2 protein chains.
Amino acid sequence: MFKNVLIAEDHEIVSKSLRSALTDLGITIADKDYVFYCDDAFTRVQKALRDGDPYELIITDLSFDEDYPKQKIAGGRELIKALKEIQPDLKVLVFSIENRALIANTLFKELNIDAYVPKARHDAKDLKLALESIYKNKKYHSPNLRQKEEYLHDFTPYDKTIVSLILDGKTQKEMSGILKQKNMEPSGLSSIEKRINYIKTALNISNNGQLIAYCIANKVI
Amino acid sequence: MFKNVLIAEDHEIVSKSLRSALTDLGITIADKDYVFYCDDAFTRVQKALRDGDPYELIITDLSFDEDYPKQKIAGGRELIKALKEIQPDLKVLVFSIENRALIANTLFKELNIDAYVPKARHDAKDLKLALESIYKNKKYHSPNLRQKEEYLHDFTPYDKTIVSLILDGKTQKEMSGILKQKNMEPSGLSSIEKRINYIKTALNISNNGQLIAYCIANKVI
DNA sequence: TGCATCCTTACGGGAAACCGTAGGTTGGTT
DNA sequence: AACCAACCTACGGTTTCCCGTAAGGATGCA
């Protein structure tokens, strides 16, 4: 089983419980092996790497509460991205309250994580299975993820930009100018109109309010 | 210190940790004293009451994941309300990921809870303080609540109806008709226009998308 | 009763969004 | 070179939204 594991989790209660769960599995978690801030996690990994005793696995949450002094790395996503740059072979297990399959899949795809376990009713058992899987170099998708939701529309980066601009309170005409500035194509007012209309049709909704609600609910932005 | 405490928390990891934290404080948590479903919590309290050995305190989460078979009591709010009806003197400590002061205050006001502790960096210590406070019959507001946010605008039931209608994709003209049907005043198209505009000005935003985003972020609807 | 104030509503002009059409560009095929 | 398909964009008409003005109604007070 793993020897060097780091836990990045800002909720004390959860962190504590994770430690005892890992101890039960025969993994020793020293005081230096759990942190409450992303920045600390990064530092620890960096140091372990330099000391020639790198971590094999990090277990991390996705959302971290803000705190002062302001942290450089704000959340789990950014942390994983940063870690993969300095230690590409570091395994990553994400342990988060978020239980939408889509979110998890994105992480597997974009950040190449190794396991995703949602905090849920039987997460202790789930966690155990995940650890065993990734120890054998196998990815682990928790069965507790809410699979059903299917995307009616795949938001492209272009779409996301448009939605963000709506959120900024821009008019379509203003968007056209902004997209031209950014050299994003297409930037014609007409194209923007049509794209928004296309998305709404795909999602079967009729106004911007619903569009925003949908995007927020599905963490599109 | 408390003798009879019930824990309602659907995340196994958190539940486990809560138990050990309470044990550390000298509170015994038997297997019958923690549950993963609201319905079970209600049953336990009911039974304990009937057996003449009622609980003194319940520690409960707010949001519970859905599960099958479908539960009658869906969340912490409903649970607390139901419990207060059968045992008004039962003390309630809410332990939730939600850290907005406004949400907590509403619970103190409307459901007369005794303590609110957000899951956060130092929640173990926070929990301890809370338990000590309510044991002395004192309400406990966690200092970790995000206090700053002040409402720029208080959404009246009328406002909420309008926002809901926007979310339903209705036009303002349709809203006028619907409000007339519901006998809600004012129902004139002009009044609706002005109200929406007033809210937007108050929130310093310029389109419906932002309005919806604000309402979702602040759980107005 | 008369007057002031507040609220609701109707109306109208202008801006933005919606929607179809048609012209233009690009890139690939024959 | 001719053709075609896919895409972007400009344009115009309609609807919806935005916003100011003003008329009508209710209330309170002198």
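Quick caveat, the model's predicted, so the values are computed rather than measured. Convention: sequence-line order gives letters A, B, ...; per-chain numbering from 1.
The nearest whole Å value for the distance from the CG atom in B/Leu211 to the C1' atom in D/dC17 is 14 Å. What separates CG of A/Asn207 from P of D/dC18 is a distance of 11 Å, to the nearest Å. For B/Ile162 and D/dC18, the CD1 to P distance is 12 Å, given to the nearest whole Å. A/Lys173 places its NZ atom 17 Å from the P atom of D/dT9, with the value rounded to the nearest Å. In this structure, B/Ile166 places its CD1 atom 13 Å from C1' of D/dC18, rounding to the nearest Å. At whole-Å resolution of the value, CG in B/Leu165 and P in D/dC17 are 12 Å apart.
Listed by first residue number, the stems of DNA chain C with at least three Watson-Crick or G-U pairs below 3.5 Å are C:1-30 with D:1-30.
A salt bridge does not link A/Lys16 with A/Glu9: every distance from a Lys NZ or Arg NE/NH1/NH2 to an Asp or Glu carboxylate oxygen is 4.0 Å or more. Ion pair A/Glu78/A/Lys72 not flagged as a salt bridge, since none of the NZ, NE, NH1 or NH2 atoms sits closer than 4.0 Å to an Asp/Glu carboxylate oxygen. Ion pair A/Glu66/A/Lys70 flagged as a salt bridge, since at least one NZ, NE, NH1 or NH2 atom sits closer than 4.0 Å to an Asp/Glu carboxylate oxygen. Classification of B/Asp114 and B/Lys138 as a salt-bridged pair fails, no side-chain N sitting under 4.0 Å from a carboxylate O. Under the 4.0 Å criterion applied to side-chain N and carboxylate O atoms, B/Arg77 and B/Glu110 are assigned as salt-bridge partners.
By the 30° and 60° cut-offs, the orientation of the rings of A/His122 relative to B/Phe36 is tilted.
Taken residue by residue, residues 188-203 of chain A places heavy atoms nearer than 4.0 Å to DNA chain D at A/Gly188, A/Ser190, A/Ser191.
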Show your working on salt bridge (Lys or Arg N to Asp or Glu O under 4.0 Å) between B/Asp65 and A/Arg121 and close with a plain yes or no. CA-CA 8 Å; B/Asp65 285 343; A/Arg121 283 208 170 74; 5.7 Å; no
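A/Ile113 approaches A/Phe108 most closely through the heavy-atom pair O-CD2, 3.3 Å. What you find for A/Ile58 and A/Ala41 is that their closest heavy atoms are CD1-CB, 4.4 Å.
Of the candidates C/dA16, C/dT9, D/dT9, C/dA16 carries the atom nearest the A/Thr171 side chain, counting heavy atoms from C-beta on.
Contact annotation: B/Gln172 side-chain N/O to D/dT15 OP1/OP2 distance is not under 4.0 Å.
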